[in-house]
**Q** 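Structure incoming, see below.
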Amino acid sequence: MDRPIDALNLGWRLEDSYRRLPPHFYTTLKAERAGEDPLLVHASGDAARLIGLDASAFAHPDFPKLFSGHLDVPGFSAFATVYAGHQFGVYVPQLGDGRALTVAQVRAGDGALWDVQLKGAGRTPYSRFADGRAVLRSSIREYLCSEAMAALGVPTTRALALVATQEGVARETYEPGAVVTRLLPSNVRFGHFEFFHHRKQAADVKLLADYVIETYFPELAGAENRYAAWFAEVVARTAHMIAAWQAVGFAHGVMNTDNMSILGVTIDYGPFGFLDAYEPGFICNHSDEGGRYAFAQQPGIGLWNCHALAQALTSLIPVDDLKAALATYEGQFRSELIALMAAKFGLASLRDGDVPLMNGLLKLMETARADYTLTFRGLSKAGGQAGRSAWLDLFGATRAEADAWLGSYLARLADEPLTDRAARMDAVNPKFVLRNWVAETAIRAVQDRGDVGTLDRIFRAVTQPFGEHPDLDEFAAPPPASMCGLSVSCSS
Ligand code: AMP
Ligand code: MG
């Protein structure tokens, strides 16, 4: 292997976990090396720490080589996995890691198992007619959003590094290519189970369920009803994740079952979007003409996807148990969302009338097209003179109604004195989310001007979303007129 003498010492405890499954679950292969001189654009110190790497490793000449596939991780055979999935409601019998390559599974110091995966490192047997590559623009979006979501407290895969391949990728035009290294608590998706179920390979469904339970749900491993208990847990985690999306105003954009993690973490950042104006019908994915994955559809689609998973598990779990677990979804989603929203409103306990009060504001925001993030961020100060007027400004022509709502809200708060209410609210209502225009600003800076400083400032803003950081104020703003209605599609 072509390793320099001072090779980067990863010090990883590798665990060849997924490849304990039979060979038809995956293909062992090497990355296709793109470009001659991979260049590290940015790396996340927080993500690195998860797998025992110190940020000092980023400067090592091996680092961009390892995290673009130019060097192999010593002692580990990289692989891609096969899965299937329902795409926009239609079953596609074979998908898979078409441009993702797992180059290590690392047992971290805290006991967590992380899949280290290169996204965009070339073709695999599951690439179908595509090239296995990723363009820089979508890689910047995935890199930033992974780390932003983690900082927001939303369950998510992480991003370790963004490496430019310095080679063109053919799309509508030639575009710069990149590789994102993501860290996944698991790469197993609903679609992995669907693949084997729909091929009538029930024994493989069981093998995969056993693997997932032993590896990720060890507390269930010995239980008599372990499969049913595990499925119920997957349903609960999915409801939890989607409640977190709704509270923070995140739309995933491609909630196909191949993009649903078995651990309930957000996975596969493509044409996602954060709400600017509050608009329940918000469609972030330009290719989603029917609005199947519109913002307000996400909770229902989460359940639809759990149904598809349940279908794939019918050989393993009695139908009554599957139905019982599915029946808990709505209640769990609703109670999680209400708890998250109560915290955003600064309510320590819920009383009669609180849900209508909260919905009252959302209705006004919808009418006024008030900015979702700014409205909640401003709420902790809306009781004071200056804060009130700035907050009401968000409502334009609906100002008087917003003022009336604020009156009843403040009266409700007066009933429940809390000394640290503002601080609590600011700790759950972000100032910075990765708005589309902000992501686009990062892309243009890097792509057009090689300006990594702007990317770094945006990274700092979205990974410290609850701080004030006045030097980063510009990235908290709603989209400037010139950057309204940017469209994002799947062609990445
Ligand atoms: P996505 O909609 O990005 O989740 O992708 C759906 C499927 O298409 C997955 O199996 C991906 O691996 C595959 N895919 C997407 N883009 C590419 C690409 N450029 N090369 C190979 N496979 C791809
Ligand atoms: Mg995908």
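Note that ligands are numbered from 1 as they come in the structure, with each ligand's atoms numbered from 1 the same way. Along the sequence shown, residues are numbered consecutively beginning with 1. When reading the values below, keep in mind they use all heavy atoms of this one structure, side chains included, and skip hydrogens, waters and symmetry mates.
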**Q** Do Arg19 and Tyr26 come within less than 4.5 Å of each other through their side chains, counting heavy atoms only?
**A** yes

**Q** Any N or O on Gly98 sitting closer than 3.5 Å to an N or O of ligand 1?
**A** yes

**Q** Any non-hydrogen atom of Gln87 lying under 4.0 Å from ligand 1?
**A** yes

**Q** Is the charged tip of Arg158 near the ring of Trp114: under 6.0 Å from the six-membered ring centre and within 45° of its axis?
**A** no

**Q** Which ligand 1 atoms does Asn259 reach within 4.0 Å, using its non-hydrogen atoms?
**A** 4 (O)

**Q** Provide the number and element of each atom of ligand 1 under 4.0 Å from a heavy atom of Arg171.
**A** 19 (N)

**Q** Quick check: does Gly96 get an N/O under 3.5 Å from an N/O on ligand 1?
**A** yes

**Q** Just which atoms of ligand 1 are under 4.0 Å from any heavy atom in Leu95?
**A** 10 (O)

**Q** Check whether any heavy atom of Arg189 sits under 4.0 Å from an atom of ligand 1.
**A** no

**Q** With a cut-off of 2.8 Å, does Asp258 place any N/O/S atom under that distance from the Mg ion (ligand 2)?
**A** no

**Q** Can you tell me the angle formed at the Mg ion (ligand 2) by OD2 of Asp268 and OD1 of Asn259, to 10°?
**A** 80°

**Q** So is Arg133 polar-close to ligand 1, meaning N/O to N/O under 3.5 Å?
**A** yes

**Q** Going by the closest heavy atom to atom 19 (N) of ligand 1, which one wins out of Asp97, Asp258, Asp131?
**A** Asp131

**Q** Between Thr157, Asn259, Thr156, which is the residue that forms a side chain to side chain donor-acceptor pair (under 3.5 Å) with Tyr269?
**A** Thr156

**Q** Taking the six-membered ring where the residue is Trp, are the ring centres of Phe295 and Phe282 under 6.0 Å apart?
**A** no

**Q** Any side-chain heavy atom of Ile242 within less than 4.5 Å of one from Glu336?
**A** no

**Q** Show the atoms of ligand 1 that are less than 4.0 angstrom away from any heavy atom in Asp268.
**A** 4 (O)

**Q** With atoms numbered from 1 as shown, which atoms in ligand 1 lie under 4.0 angstrom from a non-hydrogen atom of Arg128?
**A** 7 (C), 8 (O)

**Q** Ring centroid separation for Phe88 and Tyr293, is it under 6.0 angstrom?
**A** yes

**Q** When the aromatic ring centroids of Phe58 and Phe63 are compared, is their separation below 6.0 Å?
**A** yes

**Q** Taking N or O atoms only and a 3.5 Å limit, does Gly132 qualify as a polar contact for ligand 1?
**A** yes

**Q** If I apply the N/O under 3.5 Å rule, does Tyr126 come out as touching ligand 1?
**A** no

**Q** For the rings on Phe196 and Phe25, is their centre-to-centre separation under 6.0 Å?
**A** yes

**Q** Less than 6.0 angstrom separating the ring centers of Tyr143 and Phe459, yes or no?
**A** yes

**Q** Once the angle between the rings of Trp304 and His86 is folded into 0 to 90°, is it parallel (under 30°), tilted (30 to 60°) or perpendicular (over 60°)?
**A** perpendicular

**Q** Could you list which atoms of ligand 1 come closer than 4.0 Å to a heavy atom of Tyr83?
**A** 9 (C), 10 (O)

